[in-house]
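A note on names: the letters A, B, ... follow the listed sequences, proteins ahead of strands, and every chain is numbered from 1.
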2 protein chains.
Amino acid sequence: MSFPKPTDSELAILQELWQRGPSTVKVIHEALSSSRDIGYTTALKLMQIMHEKGLLTREREGKTHIYQPAVSQEKIQKQLLNKLVDTAFQGSAMKLIMQALGNEKTSIDELTQIKSFIEKLEGGQNE
Amino acid sequence: MSFPKPTDSELAILQELWQRGPSTVKVIHEALSSSRDIGYTTALKLMQIMHEKGLLTREREGKTHIYQPAVSQEKIQKQLLNKLVDTAFQGSAMKLIMQALGNEKTSIDELTQIKSFIEKLEGGQNE
DNA sequence: AAGTTTATACGAATCTTTTCGTAATTGCAA
DNA sequence: TTGCAATTACGAAAAGATTCGTATAAACTT
């Protein structure tokens, strides 16, 4: 069960859909327009392709289509994360985590959350 | 000072160079060949392009060129990591870290290391 | 039902990345 | 110096992703 890895444009569309829930091309196009210059038919075509690839499902509602992600945000995040770990961090999730922590965008509060998450994991089964 | 983001193939070449140190096309080609099917001139061309882009430096040594990364592994890791945080994790490094931890590839020992790294950070200045 | 609006479908152009064939160059050996 | 093997340079094809113009279809208005 592996999905084709979404391209950058596709990921942007998935993000909108995950955040907004089921949406028409029109809505997604407007959302994308605010951050970059993109034609309506371009957005449409992308979503049609994503539908063909199985990244989106859709349903006709009168004249328009309502699109929805066919994959969970978590699954895609996992996929992209694993790929990055493999290609850029020699397969070591720890290296990646350390880097991310070092990028000093994490607040004290978040650090505490992460720490307690780790403690929960340590209590668990990770051998 | 921002480098062009390396493509997947380019990243694979950078990895080899970071690991092996300065190398010829021949050596890199052989290394890549072990994990996938790639022609010699393909590898050569990629490295030439990377040189043009400023990702690699090179030096003539007799008839051959010796290539070297022009950017540090850490810089590229940071670049790719930040991009992933932005495009897939809504800008939240914490979300990414949690996911990475959850992917259960991290050993108890590594968890401990991460935890003590966090403690060091907490002692520091992160506001 | 004809015209208008809004949406989809289709096809092709463009751009980027990857690929490799062929030609030119270099260094060495005979 | 001529010939051979190794290497680079060049150009263009192939594959993938993005873009959009134009045509078609659907629903609403009058």
Could you list, one pair per line, each protein nitrogen or oxygen that sits under 3.5 Å from a nitrogen or oxygen of nucleotides 11-16 of chain C, together with the distance?
{"unit_1": "C:dG11", "atom_1": "N7", "unit_2": "A:K45", "atom_2": "NZ", "d": "3.3"}
{"unit_1": "C:dG11", "atom_1": "O6", "unit_2": "A:K45", "atom_2": "NZ", "d": "3.2"}

Over all atoms of both residues, closest heavy-atom pair of B:M47 and B:L56
O-CD1, 4.0 Å
Picking from C:dT5, D:dA17, C:dG27, the nucleotide nearest the side-chain atoms of A:K63 would be C:dT5
A:E10 near the nucleic acid: base, sugar-phosphate alone, or nothing, with a heavy-atom cut-off under 4.0 Å?
nothing
For B:I66 and B:P22, the nearest pair of non-hydrogen atoms, with its separation, is CG2-CB, 3.7 Å
For A:P69 and A:L17, which heavy atoms make the closest approach, and how far apart are they?
CG-CB, 3.7 Å
For B:E74, I'd like to know if atom CD has over 12 heavy atoms of other residues, nucleotides or ligands within 6.0 Å.
no
When the distance from CG of B:L44 to P of D:dA9 is rounded to whole Å, what number comes out?
7 Å
Between C1' of D:dA9 and CZ of B:R60, the distance in whole Å:
10 Å
Nucleic acid contacts of residues 19-38 of chain B, taken as heavy-atom distances under 4.0 Å to DNA chain D:
B:V25, B:K26
Separation of D:dG16 atom C1' from A:M50 atom CE, nearest Å, is 16 Å
Out of C:dT22, C:dA9, C:dA7, which has the shortest distance to the side chain of B:T41?
C:dT22
Rounded to the Å, how far apart are A:L46 CG and C:dA9 P?
14 Å
Interatomic distance, B:I97 atom CD1 to A:L96 atom CG [nearest 0.5 angstrom]:
8.0 Å
The nucleotide from C:dA9, D:dT18, D:dA9 with an atom nearest the side chain of A:H65 is C:dA9
Take the protein atom OH of B:Y40 and the nucleotide atom P of D:dA6, then report the distance between them rounded to whole Å.
11 Å
Report which part of the nucleic acid B:T42 touches: base, sugar-phosphate, or nothing (heavy-atom distance under 4.0 Å, all strands).
base
Which atoms form the tightest heavy-atom contact between A:P4 and A:L55, and what is the distance?
O-CD2, 4.0 Å
Atom CD of A:Q48 and atom P of D:dT18: how far apart are they, to the nearest Å?
15 Å
When all nucleic acid strands are considered with a 4.0 Å heavy-atom cut-off, which category describes A:S9: base, sugar-phosphate, or nothing?
sugar-phosphate
Roughly, in whole Å, what's the span from CD1 in B:I49 to P in D:dA9?
13 Å
Could you check which of C:dT17, D:dA9, D:dA17 has an atom nearest any side-chain atom of B:R58?
D:dA9
Sole residue of A:R58, A:K45, A:E10 in side chain to side chain contact (heavy atoms under 4.5 Å, CB included) with A:M50:
A:E10
Which whole-number value in Å describes the distance from A:Y67 OH to C:dT8 P?
6 Å
Whether the side chain of B:Q15 engages the backbone of A:T87 through a donor-acceptor N/O pair (distance < 3.5 Å, no angle test) should be reported.
yes
Measure across B:Y40 and B:K26 and return the closest heavy-atom pair with its distance rounded to 0.1 Å.
CE1-CA, 3.9 Å
Under 3.5 Å: donor-acceptor pair, side chain of B:E16, backbone of B:I13
no
